[in-house]
2 protein chains.
Amino acid sequence: MTSPVPASAVTLAALPLTQSLAEQIAARLSERILSGAYAPGQRIMEQGVAAEFAVSRGPVREALRLLEKEGLVIILARRGAQVTNPTIEEVNEIFDIRAMLNGLRDRMIAESPSREALIPQLEQEIAQLLQFAELPGLGDDYVEIVIRLNRLLTHAAGNHRLQTILGSLAVQTVRYTRLGLSTPQRRRQSVQHWQQLLQAIRDGDGDAAERIARRRVLDSRDAAVELLRNQQNVSSAA
Amino acid sequence: MTSPVPASAVTLAALPLTQSLAEQIAARLSERILSGAYAPGQRIMEQGVAAEFAVSRGPVREALRLLEKEGLVIILARRGAQVTNPTIEEVNEIFDIRAMLNGLRDRMIAESPSREALIPQLEQEIAQLLQFAELPGLGDDYVEIVIRLNRLLTHAAGNHRLQTILGSLAVQTVRYTRLGLSTPQRRRQSVQHWQQLLQAIRDGDGDAAERIARRRVLDSRDAAVELLRNQQNVSSAA
DNA sequence: CTTTGTATGATTGTCAACAATCTTCTTGAC
DNA sequence: GTCAAGAAGATTGTTGACAATCATACAAAG
């Protein structure tokens with residue numbers, strides 16, 4: 001086996017023990033999966049992770065269960081964990097769900113009596129969106145603002161279960177969201193949606209907020225899926 | 001082996017020939033929670049469960065994680081697991097999410113080209129609904145049919161992630177669904193919704209299917225919450 | 001009587017070893 | 001050369017013991 005980075009790589013004991021070992025390990029593995037250090041489809045073996053973090057397999061098992069709950073890995077009976085590698089169809093499915101639940105979220109906000117307090121923050125973030133949208137490049141800065149905006153809204157909606165589910169789905173699709181916002185043209189379209197949403201919230205128009213939210217997510221999905229298909233065609237033709 | 005399944009396609013191929021101990025224990029505990037043998041809020045201690053099933057604490061811990069994923073227990077750091085005891089607000093939140101996702105599901109079915117094959121089964125189940133709706137009593141038989149209907153539709157929608165989420169939410173709310181369908185009057189209303197949905201599916205009218213699904217779930221929610229509030233008032237007045 | 005500190009038991013968190021199962025490699029037949 | 005057993009190694013599943021932390025009871029001080 002390749003053992004280029006053995007046990008000495010990471011010491012968890014120095015970190016604050018407010019979290020259990022399992023949670024700390026889950027956080028570290030989560031970073032690696034989201035950053036692409038662990039590729040989609042790659043197997044994650046308990047022994048290896050345990051050796052690297054200098055812990056036993058117990059906490060690692062539990063960490064992998066936590067990641068499974070987040071949708072970052074799948075665990076197959078007696079075959080261990082591997083990084084989730086969704087098909088285009090599954091990506092489509094997840095975006096469909098996100099579209100509906102974002103619609104619910106934004107409707108709740110638009111119909112909330114306490115929405116006024118939120119509007120200044122939204123205006124500020126959306127102003128930043130405008131600023132970053134036109135920059136050339138892949139728009140990682142833009143996506144960061146979008147993520148912040150979504151967190152702000154998901155938190156403001158006040159539905160705790162919705163927050164959990166949307167957080168999990170967002171983590172699973174952040175890679176594709178980034179892909180779907182990788183051109184200035186798409187970012188311009190995205191900014192428009194956010195501006196429309198802001199207006200709907202100002203007006204207290206729940207129907208409009210829901211409609212715009214769904215459109216926003218589904219457009220993001222369509223853009224991402226189109227690019228995904230192109231990527232696949234290129235790689236399969238090579 | 002007569003069916004050579006390529007390793008790359010294992011995303012959902014795992015058919016557990018033998019359930020792990022954790023899964024068996026989770027199933028048993030799940031029964032007890034849903035039947036009320038374990039009351040909401042009750043603590044579940046690893047040692048006790050392990051002793052009862054004559055296994056070690058490892059599989060029990062994992063079983064509790066599985067139940068947490070289903071929303072049947074919550075696990076607090078260093079304080080163990082306890083049966084979920086949602087507030088009325090949380091019940092409301094879960095029903096809101098169910099309403100949206102049932103809307104998505106029923107829209108997908110109504111817009112599916114293969115919906116024709118489903119219609120005879122729906123007709124049969126809904127005929128049974130009609131039969132059971134008018135019976136006096138709390139309508140447990142009626143709820144059984146509703147659960148079967150929902151499973152049928154959720155499966156037919158073909159969105160695997162949606163199936164997982166809706167299954168979990170259904171488990172968490174079955175108690176309240178039952179409460180909301182405990183009067184013949186409400187069951188008559190419910191049957192009407194199902195008949196309208198059937199017609200929308202026949203017509204291939206996705207908009208109508210979504211609208212009806214949301215109405216159905218939200219009516220169920222309102223009925224359940226009203227009864228819940230009455231129960232609380234009674235018990236707090238005593 | 002309330003509050004604070006401490007001891008004690010209960011409970012979860014972690015570990016290392018063993019068992020069961022799967023994967024891979026070899027071997028052999030056709 | 002292809003395919004099918006079978007053996008060897010790798011990996012997950014399970015166990016019991018130990019460590020760390022939490023909850024409770026009780027005593028002492030104000």
Side-chain angles (χ1 to χ4, degrees), chain A residues 1-4 6-8 10-29 38 41-69 72-84, chain B residues 1-29 38 41-69 73-83:
Chain A
M1 275 306 147
T2 59
S3 54
S8 62
V10 181
T11 45
L12 290 169
L15 299 176
L17 278 177
T18 54
Q19 285 183 320
S20 72
L21 281 178
E23 285 165 343
Q24 296 173 52
I25 294 166
R28 299 296 300 270
L29 294 181
Y38 285 175
Q42 180 177 339
R43 277 184 82 180
I44 300 179
M45 278 170 294
E46 297 174 0
Q47 186 65 264
V49 177
E52 185 187 353
F53 290 103
V55 298
S56 73
R57 280 174 47 223
V60 175
R61 280 178 74 89
E62 224 169 290
L64 291 172
R65 295 311 191 279
L66 293 174
L67 295 181
E68 188 191 29
K69 203 168 63 169
L72 291 176
V73 306
I74 60 172
I75 296 176
L76 301 143
R78 293 195 171 77
R79 246 172 275 179
Q82 61 182 156
V83 179
T84 309
Chain B
M1 297 305 170
T2 51
S3 62
V5 176
S8 59
V10 292
T11 40
L12 73 106
L15 179 63
L17 293 150
T18 70
Q19 282 191 132
S20 72
L21 280 177
E23 285 166 341
Q24 296 175 48
I25 293 167
R28 299 290 302 272
L29 294 181
Y38 284 176
Q42 180 176 338
R43 275 185 80 180
I44 301 180
M45 277 168 296
E46 297 173 1
Q47 186 64 265
V49 177
E52 187 188 350
F53 290 106
V55 298
S56 72
R57 278 173 50 223
V60 175
R61 280 177 75 89
E62 223 169 290
L64 291 173
R65 292 289 179 195
L66 292 173
L67 295 181
E68 189 191 30
K69 202 166 65 169
V73 308
I74 60 174
I75 297 178
L76 302 141
R78 294 201 164 76
R79 244 172 268 184
Q82 59 181 37
V83 180

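Throughout, protein chains are lettered first and strands after them, A, B, ... in sequence-line order, and every chain is numbered starting at 1.
For R61(A) and dT12(D), the shortest distance from a side-chain N or O to OP1 or OP2 is not below 4.0 Å.
The only option from I75(B), V73(B), V83(B) that meets the side-chain contact (heavy atoms from CB on, under 4.5 Å) definition with L67(B) turns out to be V73(B).
Note: CG (L64(A)) to P (dT12(D)) measures 9 Å, nearest angstrom. Rounding to whole angstrom units, CD of residue E62(A) and C1' of dG13(D) are separated by 15 Å. In this structure, CD of Q47(B) is placed 14 Å from C1' of dG13(C), rounded to the nearest angstrom. With rounding to whole Å, M45(A) atom CE is found 12 Å from dT23(C) atom P. Rounded to whole Å, atom P of dG13(D) lies 20 Å from atom CZ of F53(B). Nucleotide dA17(D) holds its P atom 17 Å from the CD atom of E46(B), rounded to whole Å. To the nearest angstrom, P of dA23(D) lies 12 Å from CD of Q82(B). Regarding I75(A), its CD1 atom lies at a distance of 17 Å from the P atom of dC22(C), rounded to whole Å.
Which of dT11(C), dC15(C), dT15(D) sits closest to the side chain of P59(A) comes down to dC15(C). In the set dT21(D), dC15(C), dT15(D), the nucleotide with an atom closest to the side chain of R78(B) is dT21(D).
The shortest distance between side-chain heavy atoms of L76(A) and Q82(A) falls below 4.5 Å.
Note on R65(A) versus E62(A): no salt bridge recorded, every NZ/NE/NH1/NH2 to OD/OE distance being 4.0 Å or above.
Taking 3.5 Å as the limit, the base of dG13(C) and the side chain of R57(B) contain a donor-acceptor pair of atoms between them.
Note on G58(A): nothing from the nucleic acid sits closer than 4.0 angstrom, heavy atoms only.
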Side chain to side chain contact (heavy atoms under 4.5 Å, CB included) between V60(A) and I44(A), intermediate numbers included:
CA-CA 10 Å; V60(A) 175; I44(A) 300 179; over 6 Å; no
